[in-house]
J.: 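Quick one: structure below, then a few questions.
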Number of protein chains: 4
Amino acid sequence: MVSAASSPVIRGKMQAWVLGSPGELELVEKAVPQPGAAEVLVRIDAIAVCATDLEVIYHGPPALIEGGQPFNKKFTPGHEYMGTVVRLGPGVDEFDIGARVAVEVHAGCGRCERCREGMYTACLNYGMNYGDRNKGHRANGFTTDGGFAEYAVNHVNTLVRVPDAMSDEEATLIVTAGTAMYGLDVMGGLIAGQTLVVTGPGPIGLMGVGVAKALGAQPVILTGTHADLRRLELGRKLGADQIVNVHDEAAVAAVMRITQGKGCHYVLECSGAPNAVNEAARMLNRGGRICLAAFPQQPALIDIAYLVSNNIYLFGIRGEGRSATHRAAALMQQRRFDARLIHTHTFPLQEVPTAIRYSRERVDDAIKVVVKMSL
Amino acid sequence: MVSAASSPVIRGKMQAWVLGSPGELELVEKAVPQPGAAEVLVRIDAIAVCATDLEVIYHGPPALIEGGQPFNKKFTPGHEYMGTVVRLGPGVDEFDIGARVAVEVHAGCGRCERCREGMYTACLNYGMNYGDRNKGHRANGFTTDGGFAEYAVNHVNTLVRVPDAMSDEEATLIVTAGTAMYGLDVMGGLIAGQTLVVTGPGPIGLMGVGVAKALGAQPVILTGTHADLRRLELGRKLGADQIVNVHDEAAVAAVMRITQGKGCHYVLECSGAPNAVNEAARMLNRGGRICLAAFPQQPALIDIAYLVSNNIYLFGIRGEGRSATHRAAALMQQRRFDARLIHTHTFPLQEVPTAIRYSRERVDDAIKVVVKMSL
Amino acid sequence: MVSAASSPVIRGKMQAWVLGSPGELELVEKAVPQPGAAEVLVRIDAIAVCATDLEVIYHGPPALIEGGQPFNKKFTPGHEYMGTVVRLGPGVDEFDIGARVAVEVHAGCGRCERCREGMYTACLNYGMNYGDRNKGHRANGFTTDGGFAEYAVNHVNTLVRVPDAMSDEEATLIVTAGTAMYGLDVMGGLIAGQTLVVTGPGPIGLMGVGVAKALGAQPVILTGTHADLRRLELGRKLGADQIVNVHDEAAVAAVMRITQGKGCHYVLECSGAPNAVNEAARMLNRGGRICLAAFPQQPALIDIAYLVSNNIYLFGIRGEGRSATHRAAALMQQRRFDARLIHTHTFPLQEVPTAIRYSRERVDDAIKVVVKMSL
Amino acid sequence: MVSAASSPVIRGKMQAWVLGSPGELELVEKAVPQPGAAEVLVRIDAIAVCATDLEVIYHGPPALIEGGQPFNKKFTPGHEYMGTVVRLGPGVDEFDIGARVAVEVHAGCGRCERCREGMYTACLNYGMNYGDRNKGHRANGFTTDGGFAEYAVNHVNTLVRVPDAMSDEEATLIVTAGTAMYGLDVMGGLIAGQTLVVTGPGPIGLMGVGVAKALGAQPVILTGTHADLRRLELGRKLGADQIVNVHDEAAVAAVMRITQGKGCHYVLECSGAPNAVNEAARMLNRGGRICLAAFPQQPALIDIAYLVSNNIYLFGIRGEGRSATHRAAALMQQRRFDARLIHTHTFPLQEVPTAIRYSRERVDDAIKVVVKMSL
């Protein structure tokens, strides 16, 4: 057992990107944070760019804005990261120094009703980790400093072991796959032999294809637009049985054709399109379920009557609950699907703004852009 | 044991109201139907008018219309009924001749995936009980003949015993209370000490107040409009801890005031108002749940992003699943709430059109209008 | 759509094995049964011998004996069968004539509380399908005629489509795999990356290894005795990460060694050994779960205090509920595990007694012995 | 909002009972403990004696003994207590100074798998709150100092508000009622109108009667022995519909008589009798569920085959999970049952040994013996 006493002390300063005005990032020096009880210090080895990072960078951390606080100019974004444990806080023996870990975004406060019932991504103390009202909640890159930096402190319950044979780059996708896994979990989880439609071939959607197929869903149908041709092709490689290009055939019609008019059991909605919920509802059979892993920017016209008449359940999720990252990591370790397929570009820490631009503008058909520290 | 052999044969004709053109009902003679295997013949003693009856009468049975079939001019509407078992089909010994029973609306086909998993109100053979494609599904007053008549055949699994001490009129409310109970069930069911908002003081909403309070919810908040003053007052008698007249205070603000800013755990949405889902979402704490027991006539603008960011689950239900009517009947038998409070008017079978008018136009502040056969 | 009208009528007699005195079987002629509503006639193409068949043959159908009825000398045992749909009852369009199907053992009555909640293998009308009290429950080979015959009638909700590429012999294992799948279901179902111990490498245990591994469990540990060496080796081929021969190392100690002292999440108990529950409990971490898919002949001494102190849940199951056969069939179709490995011997219908002897006495290391009609 | 800064500092020493040799208690002075982050200091106002206290006092804290550690001579037992918040640790604003609270026994570590899934009473770091391996788990009076003392530190997530109108003595029963509530929760929770048998009229059994009746169970049957006459009578007052004195009628036979041969849905086993599980199984209908809230001292002969054949689920629980104390407290506040009925005797802190003797030897028919600080 490695005790805290034997941990090397990481002193001094580290490099970290911080928010400036909306859309601006600056590389600065910050003090290396120190782990408290139940925490470790992680040296970040790789971090992927997620679409929600763009939200934070261009519009500010949503939780803070909601609470009416000013745009935080010192905040470090980034939440899809992995690294190496380099220092242990008091009482930590779950991990040794040197352990490679991926990091879940959310650490619940552990004291509210939701945390007590296991719904820690719906922690009632979301964002409460400052000053006098520090409840210990963390959402890396949203309400606490994130991973576009050299080091980050994390709670042990957010760490997922990275298998030796998995590269740093692939390990950054554990959180993405974990979010997709959680989406399947909340819908009920008995999916082998059942029909899943994934709407939208973004990273979460593509991981959803891989996870669902690994669990035996059949058929898995992936829908996307003309602009998504490369991504749809990747979906096929990740296991999608049927690809629907909505340029060629309306998504609902295609699902009904493929399921011979029966409709599907589940929809994992990853497009955020305005009509996505209505279309999802019409893809389902009675009693079917929709998990929303994306959302439109604006309120959307929803046919509520259809949901009610057809006993449809709709689950909104934020991130990766119920320890789904552990399940996703296990499937990835077992090579049930090849998450590496969605990793398209890599940049060093100094080039975070370029990485973000590639991700945002889909430069060179970028899907998952990874920032690697030791490039 | 009463065997089928000893059952009296009910021969000849009966009186039954049938649909004519939209909005028209006609009292005709029909043959008394005969119970098959697992069925009984019920002499209808009382039936309540439900808002969905009005839909059927003015716009045709929804399932048939959906399937593109013509408006059924021979169809008998009505689904909230109770009566007396007067004849047993083969193999029935669960009930004796003379047993008083309330009747669930839905009998699942028992052979589709949903029925097999216990979700029989989402039966995949909904409406399939005619001719060559008879799968045995029944939805009284929607897809099979209903209860504005002297007799009806029903499957034994839809029957709920009516306690001796309960009047016929009260027993017609078992289905209404069962629907409210099912709404609470799908939201998770551990409700003692938790906060419930019921939006809309119609019959299901008022029964929702009674059931939730019986199960220990605290506080139970009921919202309604200026036109609902009498109903809100009944809600208080049924156990609501807080009444919100939205004429005086916005519903979301009131819920936040009452819950000291924490929001509530559950919303049972019974208003069908266009903004109801958005308001419900904003009444909830993170991870909260909404059950939709009503719906707006038109698609409504929904803030999907808010549902996703706050892990909100939305359950659409149709009717009374998971044997909830049995639970509701037990609570009514135990006098945990007084369902009789919402029964306001009574008419004989000959006056069904008047009963429907009272219900539809809220004549004399009518809430639940009951048709009693032996008046 | 094939209508009932176009079905060929299968007339006359068929060959069927029936029970004589305990331990005796006789090949006789019986009338071919005719399908009723929601039923089909299946021409049996292959049937596997299960250990519970031996119970029925040597001690009589358990349900009948329990009820005090005489040993049924005309009864046809056998429940792990597949075949071809050759006649449709009224209202059946879910399957066409010629469809290849495997058959679940249990058809619930569809009218009791348990069936209504989806627990149809716990049907409260178990065994009630005779005479005046016919509730429609069926348990093939237990309470209704089984599959050691040329034809059998079955309810459509017990049929599972057999993929074209799957052999008759393999398809007889769908029910076995379905039972293992159901065992994993009742324990909670989120198994990817979690630890499962399967105790006892009989057919259900071996299928449990295959299914759990297909769902991502990790590690899967299989225990057995010295007499099970061949079966343990098959377990490894079916995906077991660790094999424990209890001749060499005590099972509990081995599990603790493999899990580094943490214990496992789930135990699928398939040995029926007297100390199996106690050992399973000590293999688990706190809050762990045991599914019993076998049982000792005699009451066993159980350390109840240990179960209570460690929050251990124990699930007893009978057969294959929650449509688990469909999930199992999907995984088999996808070749997630090779069920064929456990099929060791094949005999024609005339040699059922030999097939049973091979199974009972493990002649030539027999595991799964299949009776094939067209050999 | 009361901040930590304004909390009065409780200095110096307090009186506390500590374990000596097995069966011996000594009243000593100890330092008043100080609350850390997420903790408060509670001034204990009342504490009830529980049967498990006797185990701890006569045989040592079970968790420590299990781990092979020496009998702890400085340990303060007692876990069913309530009191007043007198000091807040850093970051606590959920409670104000002066708040009256009851205290759940278990505080999970918040970092293990079980805590993350909401099963905090099955915390994998049970007992780990000492020295280098401090994971923050607490089990008051079992692994951390308990309540036979003037003060105790507690985690905020274990606190339950005590309503103004509830006496200190009654509030000590919130934990007892919460355990009974949790037992009903793990069995499935939809209990209105369903049959519950409570075996054993000890405090948890009696609270089980009250809670189940409050939730609408019907009938609730309570069994006990000749020595339990007074307790059985209290059970009737708490709502039991049927009382079975096993001196007069065998418990299984009585349940079958009362349920007209159908058996019951649930058994809450609170007797710890050697044959209790077998009897419970035979009281149930197929698919029924048993929660074990007590256990025999010795391993018991269990008919496993019966559990398997009848799909019976068995849940072992330890204490009060899933925030059940909050639900229990709400029902008590609403006077759904009168917990005060089981409180029979009261003693001051100085007379803890007498209180324990009354409880252990049932002196003067004692049921719940309370130690009140300010007597």
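Values in this document were obtained by computation on a predicted structure and should not be read as measured data. Chain identifiers are assigned alphabetically (A, B, ...) following the order of the sequence lines, protein sequences preceding nucleic acid strands; residue numbering begins at 1 within each chain.
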J.: To the nearest 0.5 Å, how far apart are CG in D93(A) and CG in N125(D)?
T.: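 It is 8.0 Å, given to the nearest 0.5 Å.
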J.: Does the distance from a Lys or Arg side-chain N to an Asp or Glu carboxylate O, for E104(D) and R116(A), drop under 4.0 Å?
T.: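 A salt bridge is present here (some side-chain N lies under 4.0 Å from a carboxylate O).
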J.: Flag the pair K135(D) / V156(A) as yes when at least one side-chain heavy-atom distance between them is below 4.5 Å, and no otherwise.
T.: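 Heavy-atom side-chain distance check fails, nothing below 4.5 Å.
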J.: Do H326(A) and E113(D) come close enough that some side-chain heavy atom pair is under 4.5 Å?
T.: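 Contact flag for H326(A)/E113(D) side chains = no.
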J.: What distance do S323(D) atom OG and R114(A) atom CZ have between them, rounded to the nearest 0.5 Å?
T.: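 So the OG of S323(D) and the CZ of R114(A) are separated by 10.5 Å.
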J.: Any side-chain heavy atom of R111(A) sitting closer than 4.5 Å to one from V92(D)?
T.: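 Yes - at least one pair of side-chain heavy atoms lies under 4.5 Å apart.
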